[in-house]
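Quick note on labels: first sequence line is chain A, next is B, and so on, each numbered from 1.
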Protein chains: 2
Amino acid sequence: MAHQAVSPRWDVELVPTLSGRTDVPSIDCPVEVSLAAISGRWTTLVLRNLLPGDGYSYTELAASLPQLSDKVLTERLRELVSAGLVERQIASGFPRRTEYRITERGRELRPLLIELYRTGLALKAHDGTEDE
Amino acid sequence: MAHQAVSPRWDVELVPTLSGRTDVPSIDCPVEVSLAAISGRWTTLVLRNLLPGDGYSYTELAASLPQLSDKVLTERLRELVSAGLVERQIASGFPRRTEYRITERGRELRPLLIELYRTGLALKAHDGTEDE
DNA sequence: CGGAATCCTATCGGATACTG
DNA sequence: CAGTATCCGATAGGATTCCG
């Protein structure tokens, strides 16, 4: 008989469905789906700015994050749009105006971002570098 | 007078404190703190396995994630240990046994991981690729 | 057993310059 | 205004081999 793959003891609240019991980082795992949605430098800041629901032009978005280069801003926006988290509308007229706005789907990330914030505050509170 | 930096409209539930109002991805921002804690390929899987609280030897951990190379496993463990999220104890004896175990601090990540899972399921549910 | 050391490639993200 | 194009250095992570 062959060796059994060693399986952890499952925390069923943490891993309630089978797709979380993977032994590799696969996009089938819900956790990886979420991570993919918020991954990339600057992504969470862009989402933070869009989440209140206001439409932003490209330039406004760039002005709200002055250190963010055009290249990366464009990349992030394309990723978010193609993931259906942000929508892009081009209003005809001159000068051209593009408007970026969070989608319903994008709003699903809000609780996650709140939790990221909350957890970060908790970790900062007791800093992990106290002596015994 | 100079130009004003363009500031977004704040979602005060999402960004309750000043440290979240940064315009660059700084480690001062709580969101970045959380992201740093769970960042890196395989990290969430290692945490998932440790979160039930069982101690794992290096080899058991490796066996629970067979595709994970020694190099990356070691890297991840060092990061987690140095962040105070996991503790490492060496039991004297032969053969040598090292035991990795989640810390109290590490348990603070549990709600975040649950939320990552929850959000991922939600995103998968309505897939973002439906036609109108 | 529990790693460390090397090597190698791919992708990421920053800087800069240019365009319809 | 709203991006694109190009270059480039740094890191991440996988494969493999070695060590106390």
Quiz item: To the nearest angstrom, how far is A:Ile90 atom CD1 from C:dG20 atom P?
Solution: 17 Å
Exercise. Specify the separation, in whole Å, of atom CZ of B:Arg97 and atom P of C:dG3.
Key: 11 Å
Quiz item: Could you give the distance from CZ (A:Arg9) to OH (B:Tyr56), rounded to the nearest 0.5 Å?
Solution: 8.5 Å
Practice problem: Using whole Å, report how far CZ of B:Arg88 lies from P of C:dC1. | Solution: 16 Å
Quiz item: When rounded to the nearest 0.5 angstrom, what distance separates CD in B:Glu32 from CG in A:Leu45?
Solution: 6.5 Å
Quiz item: What's the CG-P distance between A:Leu73 and D:dT4, to the nearest Å?
Solution: 10 Å
Quiz item: Can you tell me if the side-chain N/O atoms of B:Trp42 get under 4.0 Å from OP1 or OP2 in D:dA12?
Solution: no
Exercise. Among C:dC12, D:dG3, C:dG14, find the nucleotide with the atom closest to the side chain of A:Thr74.
Key: D:dG3
Quiz prompt | Phosphate OP1/OP2 of D:dC1 contacted by A:Tyr100 side-chain N/O (<4.0 Å) | solution = no
Quiz item: In Å and rounded to the nearest 0.5 Å, what is the SG to CG distance from B:Cys29 to B:Leu35?
Solution: 8.5 Å
Quiz item: Could you state the CG-C1' distance from B:Leu77 to C:dG2, rounded to the nearest angstrom?
Solution: 11 Å
Quiz item: Rounding to a whole Å, what distance do you find between B:Leu65:CG and D:dG13:P?
Solution: 15 Å
Practice problem: Would you kindly say whether A:Thr59 and A:Ser57 are connected by a side-chain donor-acceptor distance under 3.5 Å? | Solution: no
Quiz item: If we only count heavy atoms from C-beta on, is the B:Gln67 to B:Val72 side-chain gap below 4.5 Å?
Solution: no
Quiz item: To the side chain of A:Arg41, which of D:dT4, C:dG13, D:dA2 is closest?
Solution: C:dG13
Quiz item: Is the shortest side-chain N/O distance from B:Arg78 to OP1 or OP2 of C:dG3 below 4.0 Å?
Solution: no
Quiz item: Between atom CD in B:Glu79 and atom C1' in D:dG13, what is the gap in whole Å?
Solution: 11 Å
Exercise. Say whether B:Asn49 and B:Ser64, considering side chains only, have a donor N or O and an acceptor N or O under 3.5 Å apart.
Key: yes
Quiz prompt | Letter per nucleotide, 5' to 3', of nucleotides 15-20 of chain D [B base touched, S only sugar-phosphate touched, - untouched; heavy atoms, 4.0 Å] | solution = B----B
Quiz item: Under 6.0 Å from the CZ atom of A:Arg107, do we count more than 12 heavy atoms belonging to anything else shown?
Solution: yes
Self-check item: Residue A:Thr98, side-chain atoms from C-beta onward, closest of D:dA2, C:dG14, D:dG13
Solution: D:dA2
Practice problem: Rounded off to whole Å, could you give me the CD-to-P distance for the B:Glu99 and C:dG3 pair? | Solution: 12 Å
Quiz item: Got a sec? Which of residues 46-59 of chain B come in under 4.0 Å of DNA chain C, heavy atoms?
Solution: B:Ser57, B:Tyr58, B:Thr59
Practice problem: Using side chain to side chain contact (heavy atoms under 4.5 Å, CB included) as the criterion, list what pairs up with B:Glu115, not counting sequence neighbours. | Solution: A:Pro111, A:Leu112, A:Glu115, B:Arg118, B:Thr119
Quiz item: Can a salt bridge be assigned to the pair B:Arg110 and A:Asp11 using a cut-off of 4.0 Å between side-chain N and carboxylate O?
Solution: yes
